[in-house]
Amino acid sequence: MKYLSTRKNNEYISFKEAVINGLTKNGGLYVPERIPEIPSDFFEQIESYEDLDIAFTVLKPFVEGSLNDEQLKSILAETLNFNIPVVPVEKNIAALELYHGPTQAFKDVGARFMSRCLSHFNADEDKEVTIIVATSGDTGSAVANGFFKVPGVAVKILFPKGKVSAYQEFQMTSLGENIHAFEIDGTFDDCQKLVKKALNDENLRTKKSLSSANSINVARLLPQMLYYFFAYKQLKKDLKGKKMVVSVPSGNLGNVTAGLVAKRMGLPIDKFIAAHNINDTFYTYLNTGEYAKKTSVLTYSNAMDVGDPSNYERIDYFYNGDLESIKKDVAACRIDDEATLKEIQECQESNNYTLDPHGAVGKLALSELLKDDEYGVFLETAHPQKFATVMKKALPDFVEETADLKDCHKTHLANNYEAFVKEIC
Ligand SMILES: *Cc1c(COP(=O)(O)O)cnc(C)c1O
């Protein structure tokens with residue numbers, strides 16, 4: 001499989017190069033040159049396959065030429081070492097819980113897959129790779145954990161001081177060894193700017209082999225397709241003729257993009273819902289046909305506070321910019337903070353099911369848009385414990401697990417590029 005830029009420039013490269021480069025030379029995102037179809041008898045028998053066999057069948061064509069069968073199997077076995085269960089919540093609605101990985105958010109799957117690919121690709125090099133990543137919380141913890149003790153890789157995480165939850169900070173800073181966290185005097189955007197500047201710094205790049213574990217990397221995007229296959233496998237017997245609809249709490253639209261690719265491979269999901277908080281750029285785009293990026297606004301579901309979702313560019317590419325065909329496959333919904341809190345309360349009372357703020361946005365979107373002939377699944381993208389402050393606002397009885405921050409490894413830095421470069425060299 002070859003990869004090319006969404007802003008076509010005749011650069012066709014391998015999966016390996018796409019993973020190492022992260023970003024294309026012309027500012028676009030890498031996409032596979034084609035989306036392979038899986039024969040329909042695979043879906044007819046899907047219950048009889050092991051998850052690892054499903055994962056292998058789905059991802060094999062995408063890594064062909066860069067990983068052989070044995071390598072892919074071993075990377076998948078290390079990536080998927082936790083449960084991804086479908087849990088019924090109320091009539092015709094179930095949760096797909098993606099938070100049973102080591103850092104309790106769905107980003108574990110992509111981060112683990114990418115780290116192992118990169119370590120494999122770097123095995124013949126004598127130079128260590130340095131991964132730099134900016135985070136507002138979940139990405140940093142997933143990347144830290146995913147790359148922990150991975151040979152040949154050092155990780156530098158930048159997070160905005162005082163703006164991540166105690167639990168997230170603990171997950172990023174407690175590991176040590178090859179993982180180094182920096183708390184920056186500034187915002188997430190400041191962290192992001194430092195990372196981008198370093199990645200584009202020719203001088204620095206002659207000294208260091210730098211890469212990013214940003215969510216735009218194809219090695220983080222592609223394994224996210226697997227959730228949807230696993231969900232279908234578990235739900236198939238309960239669908240009873242109803243169409244399957246999946247609601248995806250969305251920020252950068254990576255998860256929903258992976259779902260759309262899975263659908264195009266033949267997975268029988270009728271429709272996706274991109275469930276947004278008030279950061280509604282994509283929602284507005286679907287309604288008006290105009291894509292206008294915005295400045296992000298802080299909400300209770302802060303992992304989705306994105307004003308210019310990066311994967312919009314991939315969706316636009318896959319559908320040739322045709323709004324009507326995008327709308328056939330994906331609808332969007334916009335849920336504000338007040339409705340999010342109320343949904344957490346109501347779901348607890350009526351179903352005895354604890355939603356996290358992101359899952360609450362996903363479930364409420366489903367309740368608003370689901371039709372009688374449909375069965376809905378929403379993704380529970382993070383464990384409620386990761387967002388304890390919000391949870392306590394919604395549920396007075398919510399008990400926060402305290403994180404012991406005393407063994408943490410972090411360096412405090414001013415928002416200053418030279419100081420940052422000194423630290424990573
Ligand atoms: C990252 C994240 C999202 C948003 O996912 P995208 O792929 O960026 O749309 C949703 N929920 C949680 C908990 C996240 O960490």
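Owing to the predicted nature of the structure, the values given are computational and were not obtained by experimental measurement. Just the heavy atoms: all of them, side chains too, but no hydrogens, waters or symmetry mates, feed the values below. Atoms within a ligand are numbered from 1 in the order they appear, just like the ligands themselves.
When only non-hydrogen protein atoms are considered, atom 3 (C) of ligand 1 lies nearest to Phe106 CE2, 3.5 Å. At the top of the distance list for atom 1 (C) of ligand 1, counting protein heavy atoms only, stands Lys107 NZ, 1.4 Å. Atom 4 (C) of ligand 1 has its closest protein heavy atom at Gly251 N, 3.6 Å. The shortest contact between atom 8 (O) of ligand 1 and any protein heavy atom is with Asn252 N, 2.8 Å. Scanning all protein heavy atoms for the shortest distance to atom 11 (N) of ligand 1 gives Thr381 OG1, 2.9 Å. Looking from atom 10 (C) of ligand 1 to the surrounding protein, the closest heavy atom is Pro249 O, 3.6 Å.
Residue contacts with ligand 1, taken as heavy atom pairs separated by less than 4.0 Å, do not involve Lys386 at all. Residue Asp138 touches ligand 1 through its side chain alone, judged by heavy-atom distances below 4.0 Å.
In terms of polar-atom proximity, Gln224 is not counted as a contact of ligand 1, lacking any N or O under 3.5 Å from an N or O of the ligand. Residue-to-ligand polar distances keep His358 apart from ligand 1: every N/O pair is separated by 3.5 Å or more. The shortest N or O to N or O distance between Gly254 and ligand 1 is under 3.5 Å.
Listed by atom number, the atoms of ligand 1 under 4.0 Å from Asn255 heavy atoms are 7 (O). Those atoms of ligand 1 that come under 4.0 Å of a heavy atom in Ala382, given as number and element, are 13 (C). Counting the atoms of ligand 1 from 1 in the order shown, those under 4.0 Å from a heavy atom of Leu253 are 6 (P), 8 (O), 9 (O).
For Tyr319 and Asp329, the side-chain atoms include at least one donor-acceptor pair closer than 3.5 Å. Residues Asp308 and Tyr291 have side chains that bring a donor and an acceptor to within less than 3.5 angstrom of each other. If you check the side chains of Arg314 and Asn311, you find a donor sitting under 3.5 Å from an acceptor. There is no side-chain donor-acceptor pair under 3.5 Å between Asn277 and Asp337.
Rounded to the nearest 0.5 angstrom, Asp190 CG and Lys161 NZ are separated by 14.0 Å. Atoms CZ and CD1, from Phe282 and Ile326 in turn, are 6.0 Å apart once rounded to the nearest 0.5 Å.
Not a single heavy atom of Tyr99 lies less than 4.0 angstrom from ligand 1.
Remark: Lys363 engages Glu90 in a salt bridge, criterion side-chain N to carboxylate O under 4.0 Å.
Below 30°, between 30° and 60°, or above 60°: for Phe43 and Phe229 the angle between ring planes is below 30°, a parallel geometry. By the 30° and 60° cut-offs, the orientation of the rings of Tyr3 relative to Phe15 is tilted.
Of all heavy-atom pairs spanning Val155 and Phe147, the tightest one is CG2-CB, 3.4 Å.
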